[in-house]
Amino acid sequence: MENVNQADFWQQRYEQDSIGWDMGQVSPPLKAYIDQLPESAKDQAILVPGAGNAYEVGYLHEQGFTNVTLVDFAPAPIKAFAERYPDFPAEHLICADFFNLSPEQYQFDWVLEQTFFCAINPTRRDEYVRQMAALLKPKGKLVGLLFDKDFGRKEPPFGGTKAEYQQHFESHFDIEIMAPSYNSHPARQGSELLIKMRVKA
Ligand SMILES: C[S@@+](CC[C@H](N)C(=O)[O-])C[C@H]1O[C@@H](n2cnc3c(N)ncnc32)[C@H](O)[C@@H]1O
C-alpha cells in the first residue's frame, strides 16, 4: 500500500487507462456548489489537489474563474488537461506532490476536494489536514466530497465515516457542513458526504 504515496502508482493507472474513479464529468454536487457562487468569487485563488483529469478545473475555467490551480503528481492527466484546455494558464498546472507544496509560496481562498483524500494513505490523514490548513488563507475553506463508506484499507479508495473524519479535521477546521450529499452522481448515490469547513483562526 506504500506505493499510493508515489506518483508512479497513479501514472501507471493513467497509462493503462485503469481509472475506475474517473466520472468523466464534473461531479454534480460540486457543479451545483460552483454554480451558486457569486461573480465576486471568480478571482479567488482556488486549489484542486489530486485533480486527475480535472473536470472541476475545466468547469471552473469555463465559468470564468481566473485563478484556479491544478495539482497532481502524475504527469499524464496534466498533459491531457493542457491539451483539452490550451488557454488554461500553464503556470497554474502544477505537477508536484501536494505534501511538498510550500505554504510560503502558495496560499488559497478555498480548496476543492474530489477523491483526493481517499487516494492518500489513511495513515497520512492528519498530515493532509495540517497541509490543507497551511495552504489556506485565514478563514479559507475546504469544500468538496468525502466518501461516506469504508472500502477497507488495502487499496484506494480509502473511505471512512463522518465520526472518523470529524476527529481528523476538528483540530484545524471549523466544520460548517459534513452531511450526506443529495445530488451525487448516480454511481455514488448514498455514499458521499458534502463538506464545507473553514480553517481555524
Ligand atoms: C483517485 S484519483 C482522483 C482524481 C480526480 N480528483 C477525480 O476525481 O477524477 C487521485 C489523484 O490524486 C493524485 N495524487 C495522489 N496522491 C497525490 C499527492 N500526494 N500529490 C499530488 N497528487 C496526488 C493521483 O495522481 C490521482 O490523479
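First listed ligand is number 1; within each ligand, the first listed atom is number 1. Quick caveat: nothing in here was measured; it's all calculated off a predicted structure. The basis for the numbers below is simple: all heavy atoms, side chains too, and nothing from hydrogens, waters or symmetry mates. Numbers for residues simply follow the sequence, beginning at 1.
The shortest N or O to N or O distance between D72 and ligand 1 is below 3.5 Å. Taking only nitrogen or oxygen atoms, main chain and side chain alike, I120 does not reach within less than 3.5 Å of ligand 1. By the 3.5 Å distance cut-off applied to N or O atoms, G50 is counted among the residues near ligand 1. In terms of polar-atom proximity, F98 is counted as a contact of ligand 1, with an N or O under 3.5 Å from an N or O of the ligand.
Using a cut-off of 4.0 Å between Lys/Arg side-chain N and Asp/Glu carboxylate O, K139 and E176 are scored as not salt-bridged. Between K149 and E192, none of the side-chain N atoms (NZ, or NE/NH1/NH2) sits under 4.0 Å from a carboxylate O, so this pair counts as no salt bridge. The existence of a salt bridge linking D126 and R130 is excluded, since no basic side-chain nitrogen approaches an acidic carboxylate oxygen closer than 4.0 Å.
Counting only heavy atoms of the protein, atom 9 (O) of ligand 1 lies nearest to W21 CD1, 3.3 Å. Scanning all protein heavy atoms for the shortest distance to atom 14 (N) of ligand 1 gives F73 CE1, 3.4 Å.
Counting heavy atoms closer than 4.0 Å to ligand 1, residue A51 contributes backbone atoms (N, CA, C, O) but none from C-beta onward.
Closest heavy-atom approach to atom 19 (N) of ligand 1 within the set D97, L101, T115: this belongs to D97. If you check each of Y14, F9, W10, Y55 against atom 27 (O) of ligand 1, the one with the closest non-hydrogen atom is Y14.
Taking the six-membered ring where tryptophan is involved, the planes of F116 and F99 are tilted, since the angle between them lies from 30° to 60°. Ring geometry for Y128 against F98 counts as tilted: the plane angle lies between 30° and 60°, on a 0 to 90° scale.
Within 6.0 Å of OH in Y182 there are 12 or fewer heavy atoms belonging to other residues, nucleotides or ligands. Atom CD of E39 sits in a sparse spot, with 12 or fewer heavy atoms from other residues, nucleotides or ligands closer than 6.0 Å.
Rounded to the nearest 0.5 Å, atoms CD (Q131) and CG (L136) are 10.0 Å apart.
The cationic group of R198 does not satisfy the cation-pi geometry with F173, failing either the under 6.0 Å distance to the six-membered ring centre or the 45° limit from the ring axis.
Within the 4.0 Å heavy-atom cutoff, A96 counts among the residues contacting ligand 1.
Within ligand 1, the atoms closer than 4.0 Å to a non-hydrogen atom of F116 are 12 (O), 14 (N), 15 (C), 16 (N), 17 (C), 18 (C), 23 (C), numbered from 1 in the order shown. Annotation for ligand 1: atoms under 4.0 Å from non-hydrogen atoms of A119 are 10 (C). Which parts of ligand 1 touch A74 is read off a 4.0 Å heavy-atom cut-off, strictly below it: atoms 25 (O). Close contacts of ligand 1 with F99, meaning ligand atoms under 4.0 Å from a residue heavy atom, involve 19 (N).
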